[in-house]
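What follows is a single structure, written as structure tokens, with notes after it.
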Amino acid sequence: MHIAEGFLPPLHAAAWTAVAAPFVIHGTRAISRTIKEHPEAKLLLGAAGAFTFVLSAIKLPSVTGSSSHPTGTGLGAVIFRPPVMAALGTIVLLFQALLLAHGGLTTLGANVFSMAVVGPWVGYAAFRLLGRAPFSVRIFAAMALANLATYVMTATQLALAFPGQNGFVGAWSAFLGIFAITQVPLAVIEGLVGVLIFKALRSWAGPELSALGVFSRRRDHAGTKVDEAIHA
């Protein structure tokens with residue numbers, strides 16, 4: 001998904017930077033507010049950023065000028081809401097561009113908009129819309145659709161920049177078709193990994209997730225504390 005350095009025309013690169021900037025600024029404020037209101041969630045915030053960094057650093061060959069990989073943004077979107085992931089994902093993408101030459105500085109705005117804005121919002125929307133479904137189904141959908149939405153957006157960005165002889169629709173269909181070969185199975189795997197990660201987090205960070213509103217804690221008839229998904 002990371003569009004490589006210098007691959008987009010300058011006007012497109014500048015336009016996507018301008019589009020992504022308000023989301024990043026708002027996300028920076030959201031992180032500050034989250035840390036102030038929930039200082040106990042700092043480790044969880046760091047874990048969400050590390051999870052996104054590791055998964056999105058896995059680089060598989062794909063469309064020329066881009067790559068395929070998991071994104072990991074659905075996890076943070078469910079826990080901290082999408083605005084936080086806009087800023088957290090930008091930090092991840094910036095470090096990957098500087099340290100791993102994965103993506104680039106001129107294409108940072110386009111990559112931020114697809115992976116740190118569109119992906120988290122689509123994943124979070126799926127999580128909310130499936131409010132009556134089992135929690136594992138909601139997490140799977142959030143993780144998988146955040147992944148796929150990122151690639152739909154990247155295909156859109158590439159088709160706008162390089163419509164070719166078939167125009168935008170023809171180029172968009174071609175980019176989506178090539179991405180789908182690697183991205184659909186990756187999205188399914190990411191969804192399954194997300195289910196396992198959340199099961200672990202319920203045990204390790206139940207109180208923090210409750211404070212953030214992901215779960216509510218109650219006692220069952222036997223007096224045992226159990227978690228329930230909320231903000232549905």
Side-chain angles (χ1 to χ4, degrees), residues 1-38 41-42 44-46 48-53 55-56 65-67 69-99 102-129 142-143 145-162 168 172 175 212-214 231:
M1 152 265 147
H2 291 30
I3 300 176
E5 177 69 33
F7 192 74
L8 289 178
L11 183 59
H12 285 250
W16 287 116
T17 299
V19 171
F23 292 94
V24 178
I25 294 171
H26 178 57
T28 302
R29 293 172 179 167
I31 286 182
S32 178
R33 186 170 55 253
T34 299
I35 292 176
K36 183 178 180 180
E37 295 175 355
H38 304 284
K42 288 180 182 177
L44 207 53
L45 187 65
F51 182 73
T52 298
F53 184 91
L55 260 67
S56 60
S66 184
S67 59
H69 52 78
T71 64
T73 57
L75 179 79
V78 169
I79 297 175
F80 294 105
R81 313 294 194 277
V84 168
M85 287 311 297
L88 206 57
T90 299
I91 296 171
V92 167
L93 288 164
L94 180 60
F95 273 95
Q96 289 179 345
L98 294 174
L99 301 178
H102 191 189
L105 296 179
T106 61
T107 54
L108 183 63
N111 292 332
V112 165
F113 191 74
S114 59
M115 192 181 98
V117 176
V118 173
W121 271 109
V122 170
Y124 184 68
F127 181 77
R128 294 292 302 268
L129 290 172
M143 299 289 290
L145 292 179
N147 179 313
L148 289 176
T150 297
Y151 284 85
V152 171
M153 191 64 235
T154 300
T156 303
Q157 292 168 328
L158 292 174
L160 285 171
F162 307 103
F168 170 77
W172 188 65
F175 284 128
L212 289 166
V214 180
H231 66 76

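Along the sequence shown, residues carry numbers from 1. Predicted model, so just to flag it, every value in this text is computed and none were measured.
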Exam field: side chain [X] to backbone [Y], donor-acceptor pair closer than 3.5 Å:
{"X": "T52", "Y": "G72", "result": "yes"}
{"X": "E5", "Y": "L105", "result": "yes"}
{"X": "S114", "Y": "A110", "result": "yes"}
{"X": "T73", "Y": "G119", "result": "no"}

Using the six-membered ring wherever Trp is involved, compare the ring planes of Y124 and W121 and label them parallel, tilted or perpendicular (cut-offs 30° and 60°). perpendicular
Mutual orientation of the aromatic rings belonging to H2 and H69 [parallel < 30°, tilted 30-60°, perpendicular > 60°]: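 Ring orientation, 0 to 90° scale: perpendicular.
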For atom CZ of F168, is the number of surrounding heavy atoms from other residues, nucleotides or ligands below 6.0 Å larger than 12?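 Correct, the count exceeds 12.
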Shortest non-hydrogen contact between [X] and [Y], atoms and distance:
{"X": "V19", "Y": "P22", "value": "O-CD, 3.3 Å"}
{"X": "V117", "Y": "A86", "value": "CG2-CB, 4.3 Å"}
{"X": "A30", "Y": "V84", "value": "CB-CG2, 3.9 Å"}
{"X": "A20", "Y": "G109", "value": "CB-O, 3.6 Å"}
{"X": "G76", "Y": "A48", "value": "CA-CB, 4.2 Å"}
{"X": "G103", "Y": "A97", "value": "C-CB, 4.3 Å"}

Inter-residue atom distance [X].[atom1] - [Y].[atom2], 0.5 Å rounding:
{"X": "L88", "Y": "T34", "atom1": "CG", "atom2": "OG1", "result": "10.5 Å"}
{"X": "H12", "Y": "I3", "atom1": "NE2", "atom2": "CD1", "result": "11.0 Å"}
{"X": "M115", "Y": "T90", "atom1": "CE", "atom2": "OG1", "result": "8.5 Å"}
{"X": "K36", "Y": "R29", "atom1": "NZ", "atom2": "CZ", "result": "14.0 Å"}
{"X": "F113", "Y": "T156", "atom1": "CZ", "atom2": "OG1", "result": "10.0 Å"}
{"X": "L93", "Y": "T107", "atom1": "CG", "atom2": "OG1", "result": "9.0 Å"}

Begin with the C-alpha distance, continue with both residues' side-chain angles, and end with the deciding distance and a verdict on side chain to side chain contact (heavy atoms under 4.5 Å, CB included) for L45 and K42. CA-CA 5 Å; L45 187 65; K42 288 180 182 177; 5.6 Å; no
With a 4.5 Å cut-off on side-chain heavy atoms, are L44 and L212 touching? yes
Would you say L94 and L108 make side-chain contact, with heavy atoms under 4.5 Å? yes
Criterion side-chain contact (heavy atoms from CB on, under 4.5 Å) against Q157, the qualifying member of W172, F162, W16: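 So, applying the side-chain contact (heavy atoms from CB on, under 4.5 Å) to Q157 and each of W172, F162, W16, only W16 qualifies.
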Working note: L158 + F7, criterion side chain to side chain contact (heavy atoms under 4.5 Å, CB included); need CA distance, chi angles, decisive distance, verdict. CA-CA 9 Å; L158 292 174; F7 192 74; 3.8 Å; yes
May I have the step-by-step check of side chain to side chain contact (heavy atoms under 4.5 Å, CB included) for F80 and M85, ending in yes or no? CA-CA 8 Å; F80 294 105; M85 287 311 297; 5.6 Å; no
Report the C-alpha distance between L8 and T106 in whole Å, list the side-chain angles of each, state the deciding distance to 0.1 Å, and finish with yes or no for side chain to side chain contact (heavy atoms under 4.5 Å, CB included). CA-CA 8 Å; L8 289 178; T106 61; over 6 Å; no
